[in-house]
Each structure stands twice: as C-alpha cells, then as structure tokens.
Amino acid sequence: MTSAVLATQSSLSHQETTGAPRTLYSNTLVTLIVLICVLFLSAYLCALIVMYRYARNHPRALNKKSGVYLQRYAPAFYLFLVISSLFESSLSGWLLVQDAYLENFPNSQSRRSAALLLFCACWTSLTSGTYSMLFLHPRWTEYCISSIGAQALWLLVTLILWTVGAGVLNAALPQLLLRAQCGSLAYCRQIQGLFAVAVLTTLALTGGLFVLIWAAKSFTFCIPVLRRKSEA
C-alpha cells in the first residue's frame with residue numbers, strides 16, 4: 001500500500017516537473033510568434049507609407065475611370081489581406097504550438113487544417129504585401145507580374161488555398177463551426193476565430209477576383225476605341 005502511494009506521488013511530481021517546462025516553452029514560442037507578426041506588420045506599414053508618398057510625387061497617367069478606382073482602393077485591399085493573414089498566422093501558430101507541447105488538439109484532421117491555414121496566411125501576407133508595392137510604384141506596374149492577368153491568377157490560386165483550408169477545418173469540426181457547439185472542446189473560441197478569419201479572407205479574395213475581371217473586361221472594350229483614335 002505504501003509503495004503504491006509513493007509511486008503515485010512520484011508520478012504526479014514527475015508530471016508537474018515536466019509540465020512546467022512545457023508551459024514555459026509554449027509561452028515563449030507564442031510570444032515569439034506575436035513579436036514576428038508585429039515586426040512584419042510595422043515594417044510593411046513603413047514601406048507602404050514610403051511607397052505611397054513616392055507614388056504621389058511621381059503619379060502615373062490613368063486614362064480610364066476603372067484605373068482611377070483601382071489606384072485608389074487596391075492598396076487598401078492588399079492592406080486588409082496582409083492584416084487578416086498576419087492575424088490568421090499568429091492564431092494558427094498559437095494553436096499548433098499549444099498542441100505540440102500540451103497535445104490537446106481536438107483531432108489530427110483539425111491539426112492538419114490549422115497547418116494548412118498557417119501556410120495560406122504566410123503565403124498571402126508575403127505575396128499581397130509584395131503586390132501592394134508593385135501596384136503603387138509608377139514603374140513597377142509596367143512589369144508582367146503586375147498585369148491584371150497575373151494578379152487574377154494569383155488571386156485564383158490564393159482563393160483555392162483558403163477555400164481548401166477552411167473546408168478541411170469545417171469537415172474536421174462540423175458541430176463546432178456550423179452549430180457553435182463547444183462542449184468540452186479545448187480552444188473552442190480560438191478555432192472559431194480561425195475559421196471566421198478564413199471565411200472572411202475567402203470572401204475578400206472572391207470580391208477582388210471579380211473586380212479584376214471587371215477591370216479586364218472594361219479595358220478590352222476600350223482597345224477598339226483607342227485603335228480608331230490612333231488611326232484617325
């Protein structure tokens with residue numbers, strides 16, 4: 001009897017000694033993730049302000065009304081994608097760190113979906129930040145990568161990635177995301193927030209893709225008019 005009690009006490013003390021370092025490492029990695037996201041956002045905002053001032057001092061000629069609208073609202077669209085992606089990357093990274101040290105994720109499929117959404121967020125934050133700089137610079141917009149077709153292709157690929165990530169997460173936890181039933185599930189609100197940001201980003205990407213299609217269509221219609229004016 002005494003040996004059993006001593007064994008139980010030793011196992012409990014071993015769990016306490018091993019649990020404390022895991023919690024410490026988890027908190028340290030979470031702080032590091034948040035710090036990286038904040039530094040990336042600060043650097044991006046500084047670069048965006050500098051590029052915006054340069055674009056105002058060196059404006060480019062815009063002949064169509066659609067070009068004026070794109071020049072005015074496209075940087076805000078890319079800024080939204082960067083902010084939402086950084087929030088998604090920090091949240092998914094936090095969830096994956098907690099699971100790596102505490103092993104309390106709901107299931108393996110939800111873990112894979114969080115990893116996929118982390119990749120989508122990192123991909124979107126880097127590429128959308130780059131595209132915002134390319135769009136603002138008066139000379140860089142002449143490159144092929146800055147064309148409407150290249151941006152539409154990027155939006156389509158990014159939209160597919162986010163749709164797959166949100167769909168996998170929804171399939172892994174349908175009771176949580178569709179019916180909002182948490183029960184005893186760990187990180188319920190965090191996973192719901194992860195899914196909500198993914199859906200919001202997917203809707204924003206869909207809207208941006210339709211806007212680019214509209215811009216390409218209006219530009220195609222104006223080509224015959226420009227040809228007739230040049231011939232005249």
Without placing hydrogens or testing angles, list every side-chain donor-acceptor pair under 3.5 Å for residues 151-168, not counting sequence neighbours.
{"residue": "Q151", "atom": "OE1", "partner": "Y78", "partner atom": "OH", "Å": "2.4"}
{"residue": "Q151", "atom": "NE2", "partner": "S146", "partner atom": "O", "Å": "2.9"}
{"residue": "W154", "atom": "NE1", "partner": "T127", "partner atom": "OG1", "Å": "2.9"}
{"residue": "W154", "atom": "NE1", "partner": "T158", "partner atom": "OG1", "Å": "3.3"}
{"residue": "T158", "atom": "OG1", "partner": "W123", "partner atom": "NE1", "Å": "3.0"}
{"residue": "T158", "atom": "OG1", "partner": "W154", "partner atom": "O", "Å": "2.7"}
{"residue": "W162", "atom": "NE1", "partner": "T124", "partner atom": "OG1", "Å": "2.8"}
{"residue": "T163", "atom": "OG1", "partner": "L159", "partner atom": "O", "Å": "2.7"}

Please list, one pair per line, the donor and acceptor atoms closer than 3.5 Å that link side chains of residues 82-91 to other protein atoms, with sequence neighbours excluded.
{"residue": "S84", "atom": "OG", "partner": "F80", "partner atom": "O", "Å": "3.0"}
{"residue": "S84", "atom": "OG", "partner": "L81", "partner atom": "O", "Å": "3.1"}
{"residue": "S85", "atom": "OG", "partner": "L81", "partner atom": "O", "Å": "2.6"}
{"residue": "S89", "atom": "OG", "partner": "S85", "partner atom": "O", "Å": "3.2"}
{"residue": "S89", "atom": "OG", "partner": "L86", "partner atom": "O", "Å": "2.8"}
{"residue": "S90", "atom": "OG", "partner": "L86", "partner atom": "O", "Å": "3.2"}
{"residue": "S90", "atom": "OG", "partner": "F87", "partner atom": "O", "Å": "2.8"}

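Pairs passing the salt bridge (charged side-chain N to carboxylate O under 4.0 Å, His left out) check and including a residue from residues 36-47, sequence neighbours excluded, do not occur.
Follow the hydrophobic side-chain contacts under 4.5 Å out from L203 and you reach I213 in the same cluster. L95 and L118 fall into different hydrophobic clusters, where Ile, Leu, Val, Met, Phe, Trp and Tyr are joined by side-chain heavy atoms under 4.5 Å apart, directly or via other members. Placement of L45 and M133 within a single hydrophobic cluster is found when ILVMFWY residues are connected by side-chain heavy-atom separations under 4.5 Å, directly or transitively.
When all heavy atoms of S110 and L173 are compared, the pair lying nearest together is CB-CD1, 4.1 Å. Nearest heavy-atom pair, A198 versus L117, reported as atom, atom and distance to 0.1 Å: CB-CD2, 4.0 Å. Nearest heavy-atom pair, L96 versus A115, reported as atom, atom and distance to 0.1 Å: CD1-CA, 3.9 Å. When every heavy atom of S128 is checked against every heavy atom of S125, the shortest pair comes out as OG-O, 3.5 Å.
Interatomic distance, R189 CZ to I191 CD1, rounded to the nearest 0.5 Å: 11.5 Å. To the nearest 0.5 Å, atom CD of residue Q190 and atom CD of residue Q192 are 9.5 Å apart.
For the pair S132/Y44, a side-chain contact is recorded, criterion being any heavy-atom separation below 4.5 Å from C-beta on. Residues L32 and I36 are in side-chain contact: their nearest non-hydrogen atoms beyond the backbone lie under 4.5 Å apart. Put simply, the side chain of F40 reaches to within 4.5 Å of the side chain of L126, judged on heavy atoms. Counting heavy atoms from C-beta outward, L169 and L116 have side chains that stay 4.5 Å or more apart.
Test V199, T201, L200 against V197 for side-chain contact (heavy atoms from CB on, under 4.5 Å) and you get one pass: T201.
For the 3.5 Å distance criterion, the side chains of R112 and Q109 fail to qualify, holding no donor opposite an acceptor.
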